[in-house]
Engineer: 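Encoded as structure tokens, here's the structure I'll be asking about.
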2 protein chains.
Amino acid sequence: MTSARPPRADAVRNRAKIMGAAHEQITAHGPGVSMEQIAAAAGVAVGTLYKHFLTKTELVAAVVAASITAVADDAEAARRRAANGSRALEEITGFLTRLVDTAAHDHAVKAAARTLNAADPATREDEARATRALGELIHAAQTAGDLRADFTVDDLYLLFSTAPTDQPSAVRARWLTLLLTGLAAR
Amino acid sequence: MTSARPPRADAVRNRAKIMGAAHEQITAHGPGVSMEQIAAAAGVAVGTLYKHFLTKTELVAAVVAASITAVADDAEAARRRAANGSRALEEITGFLTRLVDTAAHDHAVKAAARTLNAADPATREDEARATRALGELIHAAQTAGDLRADFTVDDLYLLFSTAPTDQPSAVRARWLTLLLTGLAAR
DNA sequence: ATATATGGTGAAGCACCATTCACTTTATTA
DNA sequence: TAATAAAGTGAATGGTGCTTCACCATATAT
């Protein structure tokens, strides 16, 4: 039926260059960068961006989606380590720390946090992968008696979305400490 | 020396109208609202805004400063109640809850959180008032044995700046619970 | 080698916004 | 009441940024 001719070689090359430049620019300057700037970084004309992505929104979404894939991969790696015997709570805090540290100098990941539950099928699948892996980690930590029993994956997403990504590393560490041990006196 | 003639009556009236409209518009639509829109809401021409405030930045700063005054007043009221016998920790969580609830539908307060340590003398004084009152509250709660001993006013500001103000009330409540009791199993 | 559709180009259109300024209106003062 | 300086006006300016399109270049298929 839809026997679309395969894309031209230069089109494939340019698409990759555009995605790379967009990721780089959004990471550095936030989703506010102009299309002109992304085009310049990719070494193509603005018009070319529009041959590949109908709107700027679509381009940003593609970059964000790639970031989510990376996050899902990290979550699965953490679960695997926990299955091999490392402590699940440590894997959870490690995952969260890495995520927050990344977000601190990567606007793309930060944007991803706000995008939860609003994307294309492939991204939905990545979200599901992350949710599955994190859910298992949480369950393991609870079984080990290290994590409060009512903690959920949504809680974890909530905490990430509120992380102080614009603060220096020491402040981020303090934030995690307060979170882990709570405000109340022991 | 500087015997500047007192401002005209209509100028005073318009300044008030502008501040009111600006606060209202920023609360509703964020600091991104156009000067046109603020002028329309105030019932004056754009040019008039510029007779009172040299730039948009200055106008926004004035609105934010007013919000900070209100916050400082609230902090002092909470301290007063604690001095009269109510529990200090409850006053702290009450203060934080009110602040977050307000920020949830008031972009001006949210902007104020980002403005800490960067303003005119009067605002500095308001910040100092808030910090003094909250510091005393924290000390009282620690003396009562309700609050972790290493908690500081900066911690409180950190937590507020990371509050999920864009989430529904139930989520905000959950956030506060996690914060108070911590993630670790009891 | 030629044909042709796919991809690339970037100037121009369009919309939005902050800011300015020459001019008009009006509160105040004498 | 007349003079005058303060305040108000809003069209115009200039800048930025997304998006479009008529045209050019070239990779691929025959």
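No experiment lies behind these values; they were computed from the predicted model shown. Residue numbering restarts at 1 for every chain, and letters A, B, ... go by the order of the sequence lines.
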Engineer: Students often get this wrong, so: under 4.0 angstrom with heavy atoms, is A:Thr48 touching a base, only sugar-phosphate, or nothing?
Structural biologist: base
Engineer: Decide, yes or no, whether a salt bridge links A:Asp150 with B:Arg174 under the criterion of side-chain N to carboxylate O below 4.0 Å.
Structural biologist: yes
Engineer: Look at B:Arg129 together with B:Asp73 and state whether they make a salt bridge at an N to O cut-off of under 4.0 Å.
Structural biologist: yes
Engineer: Rounding to an integer number of Å, can you tell me how far B:Glu58 CD sits from C:dA18 C1'?
Structural biologist: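 Value for this atom pair: 14 Å.
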Engineer: At what distance, to the nearest 0.5 angstrom, does CG of B:Leu147 lie from CZ of B:Arg87?
Structural biologist: 11.0 Å
Engineer: If you take all heavy atoms of B:Ala185 and A:Gly145, which pair is closest and at what distance?
Structural biologist: CB-O, 3.5 Å
Engineer: A:Asn14 side chain N/O closer than 4.0 Å to the phosphate oxygens (OP1, OP2) of C:dG7?
Structural biologist: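 So the side chain of A:Asn14 is outside the cut-off, no N or O lying under 4.0 Å from OP1 or OP2 of C:dG7.
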Engineer: Could you tell me whether a side-chain N or O of B:Asn14 sits under 3.5 Å from a main-chain N or O of B:Ala11, the two making a donor and an acceptor?
Structural biologist: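 No; judged by distance alone, with no hydrogens or angles, the pair does not exist.
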Engineer: Taking atom P of D:dA6 as reference, at what distance in whole Å does atom CZ of B:Arg15 sit?
Structural biologist: 16 Å
Engineer: For the pair made of CG in B:Leu59 and P in C:dC17, what is the distance, rounded to whole Å?
Structural biologist: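 Computing the B:Leu59:CG to C:dC17:P distance gives 16 Å.
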Engineer: Establish whether B:Leu158 and A:Leu180 are linked, either directly or via other cluster members, by ILVMFWY side-chain heavy-atom contacts under 4.5 Å.
Structural biologist: yes
Engineer: Walk along nucleotides 19-30 of chain D from 5' to 3' and tag each nucleotide B, S or - by protein heavy-atom contact under 4.0 Å, base first, then sugar-phosphate.
Structural biologist: BB----BBSS--
Engineer: Mind checking if A:Val12 touches a base, just sugar-phosphate, or nothing, with heavy atoms under 4.0 Å?
Structural biologist: nothing
Engineer: What's the CG-C1' distance between A:Leu49 and D:dC18, to the nearest Å?
Structural biologist: 11 Å
Engineer: So if I take every side-chain heavy atom of B:Ala45 and compare against D:dT9, D:dG17, C:dT9, which nucleotide ends up nearest?
Structural biologist: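 Between D:dT9, D:dG17, C:dT9, the one nearest the side chain of B:Ala45 would be D:dT9.
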